Amino acid sequence: MASEDHGAFIRNIAEVPWREFPNHFGGALSKPLVMPETAGSRHIDYRISMYQPMAHVARHKHKIQEQIYHVLEGEGLMEIAGKSHVVRKHDFIFLPPGVEHAISNSGLVDLVFLVITSPVTDDEKPCDTTATLRRKIKQQTR
């Protein structure tokens, strides 16, 4: 791994071990590429996931986290708010906070996808919007 004192780094995906996170079943594996524990990130959790056929994550929702899924290989089912959708290579899914969802591999080969989550934990206070920040700055300058 090439890294600098300022925290930036270049790392090869082969250096990161596969993990099965809680509530992931049947060979639903992920490599935590960038997250607080692996990279010291403060705002982003970035993973590559590989689900073997029939692997899945339990239905869940996030209080404040947003997520993006980007399917690289395979085919699966993404359940969003109780409705199932077929997802395949090049599909991407945006999930705002509060939307119940799950993903499973319904195909015959591994389902491979990227997951980007922000903020990194679901117990943080949501960030202020630009409008809110401008209002606070304006109030401070009065």
Side-chain angles (χ1 to χ4, degrees), residues 1-52 54-107 109-142:
M1 171 172 68
S3 67
E4 303 291 332
D5 290 337
H6 48 65
F9 64 85
I10 298 170
R11 193 168 183 192
N12 190 282
I13 197 168
E15 298 172 18
V16 182
W18 290 105
R19 291 176 46 190
E20 190 167 73
F21 285 88
N23 300 313
H24 291 68
F25 306 99
L29 305 174
S30 295
K31 287 188 176 216
L33 303 175
V34 175
M35 60 190 307
E37 302 86 65
T38 62
S41 62
R42 295 179 295 141
H43 305 287
I44 296 174
D45 181 311
Y46 177 61
R47 305 173 186 197
I48 186 166
S49 295
M50 178 180 63
Y51 285 22
Q52 297 170 8
M54 300 189 340
H56 66 283
V57 64
R59 190 178 299 118
H60 64 286
K61 61 183 173 182
H62 306 281
K63 292 183 281 186
I64 64 166
Q65 289 175 311
E66 297 178 315
Q67 288 189 308
I68 299 168
Y69 286 66
H70 182 165
V71 180
L72 302 176
E73 296 290 338
E75 187 173 287
L77 288 177
M78 172 63 82
E79 184 182 320
I80 301 174
K83 186 175 178 189
S84 291
H85 307 268
V86 174
V87 293
R88 59 188 179 279
K89 186 174 184 174
H90 300 305
D91 287 345
F92 62 94
I93 302 100
F94 171 70
L95 297 163
V99 176
E100 192 171 67
H101 60 281
I103 190 167
S104 62
N105 183 346
S106 59
V109 299
D110 290 342
L111 173 65
V112 181
F113 54 95
L114 302 172
V115 183
I116 302 163
T117 305
S118 182
V120 294
T121 64
D122 210 25
D123 57 355
E124 296 178 17
K125 293 180 182 177
C127 296
D128 288 334
T129 63
T130 303
T132 303
L133 290 171
R134 284 185 184 142
R135 209 171 319 124
K136 286 180 179 180
I137 290 168
K138 195 173 186 179
Q139 288 172 351
Q140 291 173 355
T141 58
R142 288 183 184 172

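Please read all numbers here as calculations on a predicted model, not as lab measurements.
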Any donor-acceptor N/O pair, N105 side chain to M54 backbone, under 3.5 Å: no
Residues, nucleotides or ligands: over 12 heavy atoms within 6.0 Å of Y46 OH: no
With sequence neighbours excluded, residues passing side-chain hydrogen bond (donor to acceptor under 3.5 Å, both in side chains) with D45: R47
Heavy-atom side-chain proximity of L72 to I48 below 4.5 angstrom: yes
Side chain E75, main chain S106, donor-acceptor under 3.5 Å: no
Side-chain heavy atoms of P97 within contact of E66, under 4.5 Å: yes
Heavy-atom side-chain contact between R88 and D91 under 4.5 Å: yes
Rounded distance (nearest 0.5 Å) linking atom CZ of F9 with atom OG1 of T38: 6.0 Å
Euclidean distance, Q65 CD relative to D123 CG, rounded to 0.5 Å: 8.5 Å
Step-by-step side chain to side chain contact (heavy atoms under 4.5 Å, CB included) determination, V115 to I68: CA-CA 6 Å; V115 183; I68 299 168; over 6 Å; no
Which atom of S41 lies closest to which atom of V34, heavy atoms considered: CB-CG1, 3.8 Å
Validation row: V120, M35 side chains within 4.5 angstrom (heavy atoms): no
D110 side chain to V112 backbone, donor-acceptor under 3.5 Å: no
4.5 Å side-chain heavy-atom contact, M78 and I103: yes
Heavy-atom side-chain proximity of I13 to K31 below 4.5 angstrom: yes
Shortest non-hydrogen contact from V71 toward G74: CG1-O, 4.1 Å
Polar contact flag, side-chain donor to acceptor under 3.5 angstrom, T117-Q67: yes
Spacing of CD belonging to E100 relative to CD1 belonging to I80, to within rounding of 0.5 Å: 11.5 Å
Where P17 and P32 come nearest, the two heavy atoms and their spacing: O-CD, 3.9 Å
Taking every non-hydrogen atom, the tightest pair across G26 and A55: O-CB, 3.3 Å
Among R59, H101, H85, the one residue meeting side chain to side chain donor-acceptor pair (under 3.5 Å) with E79: R59
Closest heavy-atom pair and its distance - F25, E20: C-OE2, 4.0 Å
With sequence neighbours excluded, residues passing side-chain hydrogen bond (donor to acceptor under 3.5 Å, both in side chains) with S30: S49
